[in-house]
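Beneath this line is the structure, given in structure tokens, with notes to follow.
Numbers restart at 1 for each chain; the letters A, B, ... are given by sequence-line order, proteins then strands.
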Amino acid sequence: MTVNLYNTDGRRIEPFIPIREGNVGLYCCGPTVYNYAHIGNLRAFMFEDILRRTLEYAGYEVKHIMNITDVGHLTDDGDDGEDKMIKAAREKGMSVWDIAAFFTESFYSDVEKLNIKKPDLYSKATEHIDDMIRMIKTLEEKGFTYLAGGNVYFDSSKFPEYGKMALLDKQDLQHGARVIVDENKKNPQDFVLWFTESKFEKQAMTWDSPWGVGYPGWHIECSAMSCKYLGNHFDIHCGGIDHIPVHHTNEIAQSEAANGEKWVNYWLHNEFLLMKSGKMSKSKGGFLTLQSLIDEGYDPLDYRYFLLGGHYRSQLVFSWESLEASASARKNLIQKIGSLKKSSSPVKSNALGEEARKKLDDFGEHITSDLMTPRCLADLWGLLKDTAIPDGEKLAAAYEMDRVLGLKMETYEIAEESVEIFPEYRALIDERADAKKAKNFARADEIRDIIGDRGYTLVDTPEGTILKKK
RNA sequence: GGCGCCGUACCCAAGCGGCUAAGGGAGUGGAUUGCAAAUCCAUCAUUCAGCGGUUCGAGUCCGCUCGGCGCCUCCA
């Protein structure tokens, strides 16, 4: 099964060809842990999860690395602004290390709730300072750096291919339009590899280095860690679309300058989740967390289903109405799967009939065509609603699809939602049963209304009357 | 100022120039039920923001207009 992916480097869909047959080295830009992840951040990790699951579905052995950025970054790329980690620590009255640890745990919890598979390794920036220093030294030895104002800068003019993936040469950038220009820079695109001096608050996290006590610039961690675990040349690197012009551009420059070879073959980027008012972002404040969805009564998998409904390279607007529609759809899915499970068990995958096989093939075709998850959901429904396919085959094929979709279908049971019947209702229910027997339907309906007003629906089943929460 | 994306039914959202424009949600009709709930079946865009062009053929390509959004700054 060939996986076709849209490569930002080249801006076209290409068949994925691994460097080592049957294996994939996958590096994903992880979270910066100075705050809770918002649901827009989580979209990125969901996309990466679908990518990873798709590669596995196609038979690849995937080595998946994700960084945890637990070193503070300045609020901009120059030597300006405030360190976000310090800011958060001050605001919360915690140490920077505690802040990082707390939000890292929160992140782990979020992704687990969304049924996002754990990477083979979460690599923390603070545990790889030596690797970063080593890479900066290499860059220095090869003449790609200069010192200014106490900091080590990458000299982008020494790297002719700078900005190639991002097509920066095609853009007429407004340098300094919205940010103060760092006077130490020779070129606007240059960036700091190592800070020893910041004009602002004293850093809480510092390390010794050949250039003095300080801390790394924010691009170097991904280069150092990805090369350490995946080698100097690996298959796929992904992240949010916002990383293209600066972060990934700088990563490419420093990695390829240091190693003297091509670094990454495929670059994949997910589009943003938007609110009706526009982009959701940490720095703007007022963002939605997964917990806030849970607090509104939604299951994290409802959000997962919602995300599957849009393509990862398209902007997706979040609204409570859309989430509600996804929750309803997933509820119906649970009913459908649940009732199939009651009547049958999944057949062996090699026992699928022609029809079921066809549905599964369509699914495979769609998911490997640049992760067309909306199509895949349609394939799933098409399978479940096809009257020509036996139940056991439907279940088997649906479970197969769920290896990629990750909706935990095998755990679905039709919820016996009946609630405990309190004595006060028991009497009413008995009275209604008598009324029904006596064909006094007016009284029976009256009792339905009385109980309905208290938030319950009366449901008559062959085993008797039960209550359900409305 | 530059780069780029989008505009498909009531809502969300697919749609590699060519069978009757996926799917979900909501709605509607029917079956079932004393009535409900759940379920099942059926139905739901002669039309793809507007105009013009290319083509045997366009939602899909090109141009313009209108409307929305992202990036050029830390950001998923």
So what is the 5' to 3' dot-bracket string for RNA chain B, if pairs are Watson-Crick or G-U wobble with both distances under 3.5 Å, crossing pairs use [ ] and | means the partner sits on another strand?
((((((((.[[[..)..(....]]].(((((.......))))).....[[[[[..)....]]]]])))))))....

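Closest to the side chain of Thr387(A), out of rC41(B), rG34(B), rA14(B), is rC41(B). Listed nucleotides rA76(B), rA14(B), rA36(B) differ in distance to Thr32(A); the shortest reach to its side chain belongs to rA76(B). Closest to the Phe441(A) side chain, of the nucleotides rC35(B), rA76(B), rG34(B), is rG34(B).
When the C1' atom is compared between rC19(B) and rG57(B), the two are found 13 Å apart, to the nearest whole Å. When the P atom is used for both rU55(B) and rC62(B), the distance is 16 Å, rounded to whole Å. The C1' atoms of rA76(B) and rA36(B) are separated by 47 Å, rounded to the nearest whole Å. For the P atoms, the distance from rG29(B) to rA58(B) is 38 Å, rounded to whole Å. Atom C1' of rU28(B) sits at a distance of 22 Å from the matching atom of rU8(B), rounded to the whole Å. Annotation: rC64(B) and rU54(B) have their C1' atoms spaced 15 Å apart (nearest Å). Rounded to whole Å, the separation between the P atoms of rU46(B) and rC35(B) comes to 36 Å. For the P atoms, the distance from rG59(B) to rC3(B) is 29 Å, rounded to whole Å.
For the atom pair Lys436(A) NZ and Ile447(A) CD1, the distance stands at 10.5 Å (nearest 0.5 Å). One finds the CE atom of Met372(A) at 10.5 Å from the CZ atom of Arg313(A) (value rounded to the nearest 0.5 Å). Distance check: Glu251(A) CD to Met165(A) CE gives 8.5 Å after rounding to the nearest 0.5 Å.
When heavy atoms are screened at a 4.0 angstrom cut-off, Lys336(A) is found touching the sugar-phosphate backbone but no base atom. Contacts of Lys436(A) with the nucleic acid, taken as non-hydrogen atoms under 4.0 Å apart, include base atoms. Among the protein residues, Gly310(A) comes within range of the sugar-phosphate backbone only, with heavy atoms under 4.0 Å from sugar or phosphate atoms but none that close to a base. If you check every strand for non-hydrogen atoms under 4.0 Å, Pro374(A) touches a base. No contact: Arg12(A) has no heavy atom under 4.0 Å from any strand. Note on Ala378(A): a base of the nucleic acid sits closer than 4.0 angstrom, heavy atoms only. Among the protein residues, Leu273(A) comes within range of the nucleic acid bases, having at least one heavy atom under 4.0 Å from a base atom. Using a 4.0 Å heavy-atom distance criterion, His269(A) is classed as making no nucleic acid contact. Among the protein residues, Leu458(A) comes within range of the nucleic acid bases, having at least one heavy atom under 4.0 Å from a base atom.
Asp190(A) places no side-chain N or O within 3.5 Å of a backbone atom of Asp155(A) that could act as its donor or acceptor partner. A donor-acceptor contact shorter than 3.5 Å is absent between the side chain of Asp120(A) and the backbone of Ile65(A). Remark: side-chain polar atoms of Lys394(A) are paired, donor with acceptor, to backbone N or O of Asp386(A) under 3.5 angstrom.
Using a 3.5 Å distance cut-off with no hydrogens or angles, the side chains of Glu324(A) and Tyr298(A) do pair a donor with an acceptor. Defined by atom type and a distance below 3.5 Å, a donor-acceptor pair is missing between the side-chain atoms of Tyr36(A) and Asn41(A). Side-chain contact of Tyr27(A) with Asp235(A): a donor-acceptor pair under 3.5 Å is absent, judged by distance alone.
Arg53(A) places none of its side-chain heavy atoms less than 4.5 Å from the side chain of Leu405(A).
Straight-line distance from the CD1 atom of Ile466(A) to the C1' atom of rU33(B): 15 Å, rounded to whole Å. Note: CD1 (Ile244(A)) to P (rC74(B)) measures 15 Å, nearest angstrom.
When His248(A), His243(A), His247(A) are each tested for a ring pair (Phe, Tyr, Trp, His ring centres under 6.0 Å) with His219(A), only one passes: His247(A).
Toward the 5′ end of RNA chain B lies the nearest nucleotide of Gln315(A), the other residue of the pair Asp242(A) and Gln315(A) mapping further downstream. Nearer the 5' end of RNA chain B, as judged by each residue's closest nucleotide, is the contact made by Ser322(A), out of Ser322(A) and Gly382(A).
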Any N/O pairs under 3.5 Å between the protein and nucleotides 24-28 of chain B? List them or say none.
residue, atom, partner, partner atom, Å
rG24(B), OP1, Lys385(A), NZ, 2.8
rG25(B), OP1, Asn332(A), ND2, 2.3

